[in-house]
Amino acid sequence: MKRDLISLKDLSYKDMEDIFLLTKEIKKNKHRFSSALRGKILGLIFEKPSCRTRVSFEVSMFELGGYSIYLGPQEINLGIRESIKDVAQTLSRYLHGIVIRTFAHGNVIEMAKYASIPVINGLSDFSHPCQVLSDLYTIKEKFKKLKGIKLTYVGDGNNNVCHSLLYACPKVGINLRIACPSKYAPDSNVVKEAERLADSQGSIIELFNCPFEAVKDADIIYTDVWTSMGKESERDIRRKIFRNFQVNKNLLSYNKKNCLIMHCLPAHRGEEITDEIIDSKNSIVFDQAENRLYIHKAILIRLLK
Ligand code: CP
Ligand code: NVA
């Protein structure tokens, strides 16, 4: 049966560990995998812009001996020119896998339902699983472990990256704090699931409305844009509401450790994070970005081979 990557909710601890092991092998020895996906073709259906996700998936296919076809918003025009159901069935006759970046998470689920080939979520409004797999791998590289690490996410709690962190962190034993304005709290069902997972793993999930309290003991402070793609009309109001949630020198002065700084990128410099902090020596944002390449190779090998 074909396998998809739609949400980290569907991955077990063992699945993630297996992906990290393969990622490590790939990163260590690029040439060993240079024909792992020979003859395979990946389609990238992107309804939103992308730098990292598109380029790292395309480079992955090239370096694994396969090929990729980018289909931007004008080409497929999902649901307008043609139904997702028909696109899924048609592309399944040509391709070996699909990466989809879209708005409604339901589009990813529908694509996977009707495609007979693996479907990978390259970001929806609700979740960004590939990003967070790369983030956890990066944390593991830095700390040599995941269990017991304290990560504080500061900013928009109701976005794709935060939801994926909530699904993944408790499974690997990371203690996760989320500091966000009360109106921008994560989806309550995701929080419930994260708390259930945390209970069974002995990890902790905590929500805060005050960022200063939340960052105190953090080993890592993670932030993301206040205005995600698709929400541009709310940018002015969000700038006001999130004002106190900027990752800056003042916020870091409340942290008792020499914490690392993470951001999925792209960053809105001067909004959620200052230049000084994102460019500081403790910032690992480009390690996160680099690891997208190796994580994507591992995902593609697992699903397409
Ligand atoms: N982090 C991330 O997904 O970047 P892009 O939007 O540039 O793909
Ligand atoms: N939350 C951001 C992530 C970008 C990779 C967005 O959806 O725009």
Side-chain angles (χ1 to χ4, degrees), residues 5-8 42-61 68 70-73 98-108 120-139 151 153-168 178-181 184-187 190 220-235 237-239 241-242 245-247 261-269 271-273 278 283-297 299-300:
L5 175 53
I6 296 175
S7 165
L8 295 182
L42 180 73
L44 295 124
I45 303 177
F46 275 44
E47 296 197 297
K48 293 177 178 174
S50 170
C51 168
R52 282 144 289 271
T53 308
R54 177 191 173 173
V55 176
S56 55
F57 266 114
E58 293 217 44
V59 172
S60 292
M61 283 308 282
S68 62
Y70 174 75
L71 299 153
I98 293 171
V99 178
I100 175 169
R101 168 168 286 202
T102 187
F103 293 87
H105 188 67
N107 292 347
V108 184
I120 298 167
N121 178 0
L123 179 148
S124 68
D125 287 345
F126 178 70
S127 75
H128 198 2
C130 298
Q131 176 68 50
V132 167
L133 280 175
S134 173
D135 296 339
L136 296 191
Y137 182 79
T138 309
I139 295 170
L151 187 153
Y153 173 93
V154 179
D156 184 4
N158 195 251
N159 77 8
N160 36 29
V161 169
C162 186
H163 289 152
S164 292
L165 285 169
L166 274 161
Y167 279 138
I178 293 164
C180 57
Y184 295 85
D187 181 292
V190 180
I220 300 164
I221 297 176
Y222 193 129
T223 191
D224 183 13
V225 291
W226 295 338
T227 306
S228 285
M229 291 179 279
K231 306 260 186 233
E232 287 78 5
S233 64
E234 299 172 17
R235 192 158 178 179
I237 179 86
R238 282 171 177 259
R239 269 189 189 142
I241 294 172
F242 285 91
F245 292 81
Q246 186 183 64
V247 176
I261 302 296
M262 295 181 77
H263 192 308
C264 57
L265 302 178
H268 294 160
R269 285 167 174 256
E271 278 190 31
E272 75 277 3
I273 193 161
I278 199 167
S283 166
I284 56 168
V285 301
F286 297 109
D287 297 322
Q288 291 172 257
E290 180 187 344
N291 282 333
R292 296 290 299 276
L293 177 63
Y294 312 114
I295 279 285
H296 292 172
K297 285 186 180 181
I299 292 168
L300 288 167

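Both ligands and their constituent atoms are indexed starting at 1 by order of listing.
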When you measure from the side chain of [X] to the backbone of [Y], do you find a donor-acceptor pair of N or O atoms at a distance under 3.5 Å?
| X | Y | result |
| --- | --- | --- |
| H128 | N160 | no |
| Q246 | E271 | yes |
| R101 | L123 | no |

Need the ligand 1 atom indices (1-based, order shown) with element for anything under 4.0 Å from a heavy-atom of [X].
| X | result |
| --- | --- |
| Q131 | 1 (N), 2 (C), 3 (O) |
| L265 | 1 (N), 2 (C), 4 (O) |
| H128 | 2 (C), 3 (O) |

Result for ring-ring contact (aromatic ring centres under 6.0 Å, His included) between Y184 and one of F242, Y153, W226 points to F242

Looking only at protein heavy atoms, which one is nearest to [atom], and what is the separation?
| atom | value |
| --- | --- |
| atom 7 (O) of ligand 1 | C51 N, 2.6 Å |
| atom 2 (C) of ligand 1 | R292 NH1, 3.3 Å |
| atom 4 (C) of ligand 2 | L123 CD1, 3.9 Å |
| atom 4 (O) of ligand 1 | R52 NE, 2.8 Å |
| atom 8 (O) of ligand 2 | M229 N, 2.8 Å |

Will you find, in the side chains of [X] and [Y], an N or O donor that is under 3.5 Å from an N or O acceptor?
| X | Y | result |
| --- | --- | --- |
| N121 | S127 | yes |
| S68 | E58 | yes |
| S134 | Q288 | no |

- Query: So, K231 and D156, do they make that salt bridge, N to O below 4.0 Å?
  - Reply: no

Item checked: K48 N/O to ligand 2 N/O under 3.5 Å -> no

Note to self: Polar contacts were defined as any N/O atom of the residue lying under 3.5 Å from an N/O atom of the ligand; does this apply to D224 and ligand 2?
What the structure shows: yes

Checklist entry - Quick one: does Y137's side chain get under 4.5 Å of Y294's, heavy atoms only? => result no

Exercise. Any side-chain heavy atom of C264 sitting closer than 4.5 Å to one from Y222?
Worked result: yes

Honestly, for R101 the part within reach of ligand 1 (heavy atoms, under 4.0 Å) is side chain

Note: ligand 2 atoms sitting under 4.0 Å from heavy atoms of N159 are 1 (N)

If we number the atoms of ligand 2 from 1 as shown, the ones under 4.0 Å from a heavy atom of S228 are 1 (N), 2 (C), 6 (C), 7 (O), 8 (O)

Report task. Answer yes or no on whether R54 is positioned over the face of Y70, meaning its NZ or CZ is under 6.0 Å from the six-membered ring centre and within 45° of the axis. Result -> yes

Going by the 4.0 angstrom heavy-atom rule, the piece of D156 near ligand 2 is neither

Counting heavy atoms under 4.0 Å, the part of N160 that contacts ligand 2 is side chain

Ranking S134, A267, S50 by closest non-hydrogen atom to atom 8 (O) of ligand 1, top hit is S50

ask   = Does the N or O separation between C264 and ligand 1 drop below 3.5 Å for any pair?
value = yes

Check whether any heavy atom of L265 sits under 4.0 Å from an atom of ligand 2. yes

